[in-house]
Amino acid sequence: SMSERRKQFPFPEFEPKWQQLWLERQTFHAPNPEEPGFDPAKPKFYVLDMFPYPSGEGLHVGHLEGYTATDIIARYKRMKGFNVLHPMGWDAFGLPAEQFAIKTGLHPCVATVRNVERFKSQLSKIGFSYDWAREINTTDPGYYKWTQWIFLNLYNSWFDLQKNAARPIEELVATRRQEFPHETEEKRREFVDEHRLAYVTEAPVNWCPELGTVLANEEVVDGKSEVGGFPVVRRPMRQWMLRITSYADRLLEELEPLDWPESIKILQRNWIGRSEGAQATFRIDGLDDSIKVFTTRPDTLFGATYVVLAPEHPLVDRVTAPTQRAAVAEYREKVSAKSDLERTDLAKEKTGIFTGGFAINPVNQEKIPIWIADYVLISYGTGAIMAVPGHDERDFEFAKKFALEIRYVVEPPTPAESCFTGDGVARNSAFLDGLTTAEAKRRIIDWLEEQGSGKRSITYKLRDWLFSRQRYWGEPFPIIWRNGRHEALRESDLPVVPPPLDDYRPTGTIEPPLAKAKAWITLSDGATRELNTMPQWAGSCWYFLRFVSPDETSRFVAENAECYWMAGNETRNRGRGGVDLYVGGTEHAVLHLLYARFWHKVLYDLNYVSTIEPFQRLVNQGMILGQDNQKMSKSRGNVVTPDKIVEEYGADALRLYEMFLGPLESTKPWSMSGVEGVYRFLARVWRLAMDEDQEGEWQLSSVLGSVELGAKQQKVVHSTIKKVSEDLESLSFNTAIAQMMIFVNEFTGAEIRPVEAIRALLILLSPFAPHLAEELWWRLSIRFTGFEGLACEQPWPKWRDEFLTEDEVEIVIQINGKLRDKVTVRKDLTKAELEQVVLASRKVRETTRDKSVRKIIVVPNKLANVVVD
RNA sequence: GCCGAUGUGGCGGAAUGGCAGACGCAACGGACUUAAAAUCCGUUGACCCGAAAGGGUCGUGCGGGUUCGAGUCCCGCCAUCGGUACCA
């Protein structure tokens with residue numbers, strides 16, 4: 001096997017050597033503004049990876065693609081003269097960590113420490129230039145103290161619609177007191193609690209019996225838990241929610257200017273799901289009450305033939321006629337027992353039941369039946385719809401199944417047995433007749449508003465964020481309960497440390513595991529602690545801020561440092577700045593990235609941070625598939641771990657191959673022979689400068705020399721500098737490496753190898769293959785120039801255009817667009833001169849002997865196309 | 001269904017509207033070697049003509065279009081992958 005063979009270059013010796021030296025010299029430590037060694041003249045660059053969950057499985061090569069890319073950029077930017085913040089840490093709370101602990105029987109604390117060690121040692125062997133002095137762990141009390149503190153800020157804030165921003169809760173209390181001076185303390189408190197950004201509500205939630213916890217909508221995939229794939233059912237429970245919906249518009253608008261992939265922006269927009277329409281009020285026949293429905297097609301109001309309430313709608317009991325009571329109760333029972341999976345699976349077949357009640361259509365006073373059906377969701381819009389089966393697929397299906405009337409109110413004429421959902425012209429709609437859909441919408445909304453039976457309305461798919469979990473391994477809430485009311489702890493009470501439980505498994509009931517810590521629950525004054533914990537996402541919502549000042553004890557982030565690393569040279573409040581480059585997988589497109597933006601905006605509103613957005617530029621690395629072209633997974637047995645690659649080919653070869661496989665963003669399969677390819681390339685670089693003597697010892701090559709470069713060599717050197725520099729700016733790592741291969745191919749054949757050219761290559765190579773670059777740089781320095789510092793500390797070279805072109809250029813000659821000939825001519829011939837040369841060429845003369853030239857297109861220094869009849 | 005991405009040699013992939021296939025892998029040939037490995041030097045899209053030198057035709061998922069010129073731009077399809085789904 002490879003490992004028994006002699007290595008083509010002695011990376012096992014020099015890779016650990018340089019890693020240790022970088023650590024000892026703190027080469028990659030980025031000082032903060034007040035620290036010694038900080039250079040205020042340099043611009044900042046914050047380049048961040050999505051920090052990992054230290055799972056029990058360790059890293060595989062797929063994780064390392066993004067890390068390698070950011071590391072190359074970090075090293076490149078340092079050489080370009082930036083102060084670079086490039087940190088790494090551990091997102092160690094949450095379900096995966098806890099599931100692992102339960103599986104192995106190891107306490108999560110112990111397992112986490114062990115997993116972190118494993119991850120860190122894996123990363124250390126790859127030569128990443130992280131500033132390890134900034135390492136953070138979300139499970140550190142010194143960290144989650146501030147996660148809890150941010151929660152307190154959410155709890156103690158409300159969303160001011162006028163200002164479109166979060167404000168301290170005291171402002172609301174004061175205003176309320178002024179407006180309603182005689183309101184009881186009790187009432188006022190209720191009102192205030194209803195406006196907090198963190199609030200408690202009893203609502204149907206996603207309960208996963210297997211995991212013993214509730215989950216956010218985002219964590220439920222196809223009716224199963226995203227973690228583990230266990231069934232999820234809906235049940236009402238008292239839970240903590242975060243009012244992310246208040247930020248829906250800002251999350252949409254402030255997304256626009258960001259330098260993110262358009263596809264990710266679209267995912268976020270769809271997730272927020274803003275839709276414009278109207279609310280219309282249908283009086284209930286025989287009752288002094290009404291049903292509000294939301295519709296995006298108010299122009300079809302005249303086509304409404306029935307109304308549907310969600311089974312959970314609060315008005316169901318009131319509208320239900322005595323004769324239907326039993327049937328309705330039975331239907332509701334059946335629906336509530338359904339899991340989400342069943343609900344989606346059965347989506348093809350619509351179900352529902354008539355309540356016996358009737359609603360009055362506000363436009364024509366018509367009495368139409370009220371049904372309940374689970375195709376109407378309580379959590380969207382008003383939880384009730386007007387059904388227009390002539391112009392809505394779902395209503396049409398339902399109407400057909402239950403033989404309800406179908407009425408067409410939009411031209412073009414719709415064939416029977418179908419519905420038309422497009423735009424057209426209103427008909428059978430009284431005063432709307434003849435109006436286009438857009439006009440009719442405007443007209444009917446105005447009319448509804450005049451009549452007081454409706455209004456313009458905007459609805460979002462985005463729901464408030466279910467923020468509590470019934471788990472042990474998460475941040476406890478900084479909340480206590482007294483007389484059935486929640487109360488915030490003070491900042492001085494933080495951190496709230498979880499009790500040291502031996503049995504931390506889910507209780508199997510809705511009661512969280514923290515309930516088992518009897519002594520911990522009850523405080524001396526009789527108050528009891530909140531038993532839920534925060535979800536996995538809490539810690540990762542703000543970790544990029546903690547990296548800025550990880551040891552700060554008096555604040556979640558040091559003010560000056562935040563201003564420097566996040567806002568940089570941008571003036572406060574302009575909304576620019578933030579993390580300059582954020583690289584991670586698409587799987588976080590709507591979870592982490594939406595939550596983190598939300599928290600950041602709250603912190604901005606409360607004046608704690610200087611930018612409205614946390615991540616200025618986002619790049620998604622593509623997935624790396626196994627050699628079998630399948631997703632890497634343990635069960636498929638196609639997982640490639642970095643450890644083995646590092647051992648056999650070295651860290652540099654691993655790094656280089658990660659980048660050489662293809663464009664960063666695309667999905668691509670791993671190939672071991674591809675690794676060998678870049679390994680061979682690195683060995684060629686090594687042998688460019690090194691020879692083996694009789695004893696097999698490596699020594700500087702005897703054909704190295706300080707010689708002038710030939711024109712062709714100069715051209716290769718400078719075009720390599722240019723190509724690598726430009727490709728790094730656009731993150732086109734694969735083509736940058738290809739150019740360095742061209743460089744090496746050129747100089748391998750040289751009789752005397754010019755030291756200056758090799759030194760230039762080593763600088764360019766150093767972000768990619770830092771160990772090899774460092775080793776050769778050092779060896780060449782000793783022999784030729786004396787020590788001039790580390791390779792990774794050299795200034796990035798500049799190319800000179802005058803070396804890029806030669807005196808002569810090759811001109812492609814096309815006839816009627818087809819390649820027919822080539823001529824070599826002096827550079828910068830005029831169009832007229834070039835035309836003469838082309839017309840005089842053999843091929844063109846042969847062709848034009850019996851054909852006439854209609855036109856000649858000349859592209860100077862490049863091409864000429866002769867068009868003939 | 002809807003949204004997004006992708007489609008180029010045997011393979012991974014290159015190509016500001018201007019020589020399609022850079023660079024690498026694999027394969028084949030040669031040098032070195034007692035031999036092998038490693039290394040170094042070559043060849044390598046398909047097809048056709050030619051003894052050779054050389055020449056020609058086709059070719060970037062499919063069908064159209066714009067252009068002197070299209071992998072690249074426009075229109076219409078197909079396939080694969082990913083996301084999402086009763087959102088009124």
Side-chain angles (χ1 to χ4, degrees), chain A residues 5-8 221-222 261-267 269-271 273-275 277 293-298 300 308 310 343-344 346-348 350 373-377 379-388 391-395 397-398 421 459-463 586-587 589-590 620 622-623 625 629 631 656-657 660-663 665-678 680-681 683-684 687 692 723 732 734-742 744-745 748-749 810-822 854-859 862-868:
Chain A
R5 262 188 275 148
R6 183 163 198 271
K7 307 296 185 195
Q8 288 195 25
V221 180
D222 290 336
E262 194 51 36
S263 57
I264 298 293
K265 287 188 182 181
I266 289 170
L267 281 175
R269 277 186 218 121
N270 291 348
W271 193 265
R274 180 189 151 102
S275 50
V293 303
F294 173 74
T295 175
T296 53
R297 292 296 300 272
T300 61
V308 188
R343 242 177 141 152
T344 27
L346 299 173
K348 288 161 198 93
K350 295 228 172 346
D374 68 354
Y375 81 90
V376 173
L377 308 175
S379 48
Y380 182 77
T382 58
I385 62 157
M386 63 173 203
V388 185
H391 304 285
D392 182 282
E393 295 279 359
R394 296 149 300 177
D395 298 343
E397 240 180 84
F398 191 81
T421 58
T459 299
Y460 301 88
K461 276 204 306 198
L462 184 72
R463 323 274 164 77
T586 343
E587 66 272 22
V590 282
N620 287 120
M623 208 192 314
L625 305 173
N629 242 302
K631 209 170 174 169
L656 212 62
Y657 183 63
F660 189 61
L661 299 115
E665 294 94 333
S666 49
T667 304
K668 52 227 169 238
W670 189 263
S671 144
M672 277 329 268
S673 49
V675 180
E676 293 231 31
V678 294
R680 279 204 285 265
F681 162 69
R684 279 161 71 85
R687 286 194 307 268
E692 254 177 311
K723 180 83 174 133
S732 308
N734 54 334
T735 48
I737 294 166
Q739 180 62 38
M740 289 191 278
M741 288 172 167
I742 293 173
V744 172
N745 292 345
T748 296
E810 194 179 53
I811 303 296
V812 169
I813 299 178
Q814 294 181 340
I815 296 173
N816 284 346
K818 295 204 171 195
L819 172 68
R820 279 297 175 271
D821 205 355
K822 290 175 188 179
R854 282 228 325 243
K855 196 173 175 185
I856 303 182
I857 288 100
V858 177
V859 184
K862 209 173 225 171
L863 164 145
N865 188 9
V866 181
V867 186
V868 298

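Below, chain A is the first sequence line, B the second, and so on; all start at residue 1.
Taking the side chain of A/V812 as heavy atoms from C-beta on, and the options B/C68, B/C40, B/C19, the nearest nucleotide is B/C19. Of the candidate nucleotides B/A88, B/G4, B/U39, B/G4 has the atom lying nearest to any side-chain atom of A/S263. The nucleotide whose nearest atom lies closest to any side-chain atom of A/S673 is, among B/A26, B/C86, B/A20, B/A26. In this structure, the nucleotide among B/C25, B/G18, B/A88 sitting nearest to the side chain of A/R680 is B/C25. The side chain of A/M741 lies closest to B/G24, out of B/A22, B/G24, B/A26. Among the nucleotides B/C25, B/U84, B/G18, the one closest to the side chain of A/W271 is B/U84. Ranking B/A88, B/C58, B/C41 by closeness to the A/T748 side chain, first place goes to B/C41. Side chain of A/Y380, nearest nucleotide from B/U39, B/C19, B/A88: B/A88.
Nucleic acid contact class of A/N745 (heavy atoms, under 4.0 Å, all strands): sugar-phosphate only. Using a 4.0 Å heavy-atom distance criterion, A/S379 is classed as making no nucleic acid contact. A/T295 comes within 4.0 angstrom of the backbone, heavy atoms only, and of no base. A/L267 comes within 4.0 angstrom of sugar-phosphate atoms only, judged by non-hydrogen atoms across all strands, and of no base. Counting any heavy atom pair closer than 4.0 Å across all strands shown, A/E810 reaches a base atom. Note on A/R687: only backbone sugar-phosphate atoms sit closer than 4.0 angstrom, heavy atoms only; bases stay farther off. Using a 4.0 Å heavy-atom distance criterion, A/I857 is classed as a base contact. Nucleic acid contact for A/R820: sugar-phosphate only, since backbone atoms but no base atoms lie under 4.0 Å from a heavy atom of the residue. Residue contacts for A/K822: at a heavy-atom cut-off of 4.0 Å it reaches a base atom on one of the strands shown. Within 4.0 Å (heavy atoms only), A/G273 reaches no atom of the nucleic acid at all.
Taking the side chain as every heavy atom from C-beta outward, A/I857 and A/Q814 never approach each other to under 4.5 Å. The side-chain heavy atoms of A/W271 and A/K461, taken from C-beta on, include no pair separated by under 4.5 Å. Taking 4.5 Å as the limit, every side-chain heavy atom of A/V867 sits out of range of all side-chain heavy atoms of A/I856. Counting heavy atoms from C-beta on, the side chains of A/V678 and A/M741 come closer than 4.5 Å.
Pairing each heavy atom of A/F294 with each of A/G381, the nearest pair is CB-CA, 4.4 Å. A/A864 and A/I811 make their closest contact through N-CG2, 4.2 Å (heavy atoms, listed as atom of the first residue, atom of the second, distance). Between A/T748 and A/R684, the shortest heavy-atom contact is OG1-NH2, 3.9 Å. When all heavy atoms are compared, the tightest approach of A/V308 to A/A387 is CG2-CB, 4.4 Å. Shown here for A/I264 and A/A589, the closest heavy-atom pair between the two residues is CD1-CB, 3.7 Å.
Of the possible donor and acceptor atoms, one in the side chain of A/N816 sits under 3.5 Å from a partner among the backbone N and O of A/V868. Listed for the A/S671 side chain is a donor-acceptor partner under 3.5 Å among the backbone atoms of A/G674.
Nucleotide B/G21 carries an anti base; the chi torsion (O4'-C1'-N9-C4 or O4'-C1'-N1-C2) is more than 90° from 0.
What separates CZ of A/R297 from P of B/A88 is a distance of 12 Å, to the nearest Å. Atom CD1 in A/I815 sits roughly 16 Å away from atom P in B/C19 (whole-Å rounding). Between A/M623 atom CE and B/G82 atom P there is a gap of 7 Å when expressed in whole angstrom units. Put simply, CG on A/N816 is 14 Å from P on B/G56, counting in whole angstrom units. Atom OH of A/Y375 and atom P of B/A88 are 13 Å apart (whole Å). Rounded to whole Å, atom C1' of B/C23 lies 12 Å from atom CZ of A/R684. The nearest whole Å value for the distance from the CG atom in A/N865 to the P atom in B/C68 is 10 Å. Put simply, CE on A/M740 is 12 Å from C1' on B/C23, counting in whole angstrom units.
At a cut-off of 3.5 angstrom, the base of B/G18 holds at least one donor-acceptor pair with the side chain of A/Q814.
For B/A37 and B/G29, the P atoms lie 12 Å apart once the distance is rounded to whole Å. The gap from the P atom of B/C49 to that of B/U67 amounts to 38 Å, rounded to the nearest Å. Rounded to whole Å, the separation between the P atoms of B/C28 and B/A46 comes to 15 Å. Comparing B/A22 with B/U33, their P atoms are spaced 33 Å from each other, to the whole Å. Taking the C1' atoms as reference points, B/G50 lies 11 Å from B/G56, given to the whole Å. Straight-line distance between the P atoms of B/G7 and B/G71: roughly 14 Å, to the nearest whole Å. A gap of 26 Å separates the C1' atoms of B/G76 and B/C68, to the nearest Å. For the C1' atoms, the distance linking B/C74 with B/G21 amounts to 26 Å, nearest Å.
Distances shorter than 4.0 Å separate none of the side-chain N or O atoms of A/T586 from OP1 or OP2 on B/G83. When the side-chain nitrogen and oxygen atoms of A/K855 are compared with OP1 and OP2 of B/U67, none of them lie within a distance under 4.0 Å.
Counting heavy atoms of neighbouring residues, nucleotides and ligands inside a 6.0 Å radius, atom CZ of A/R854 does not exceed 12 of them.
Taking the six-membered ring where tryptophan is involved, the planes of A/Y375 and A/F398 are tilted, since the angle between them lies from 30° to 60°.
Comparing A/G674 and A/R854 by the nucleotide of RNA chain B that holds the closest heavy atom to each, the one mapping nearer the 5' end is A/G674.
With a cut-off of 3.5 Å on both pairing distances, the Watson-Crick and G-U wobble pairs of RNA chain B assemble into stems of 3 or more at B:1-7 with B:78-84, B:10-12 with B:23-25, B:27-31 with B:39-43, B:45-49 with B:54-58, B:61-65 with B:73-77.
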Could I get a table of every N or O pair under 3.5 Å where one atom is in the protein and the other is in nucleotides 11-16 of chain B?
from	atom 1	to	atom 2	distance (Å)
B/G12	O2'	A/L661	O	2.7
B/A14	OP1	A/N734	ND2	3.1
B/U16	O4	A/K862	NZ	2.9

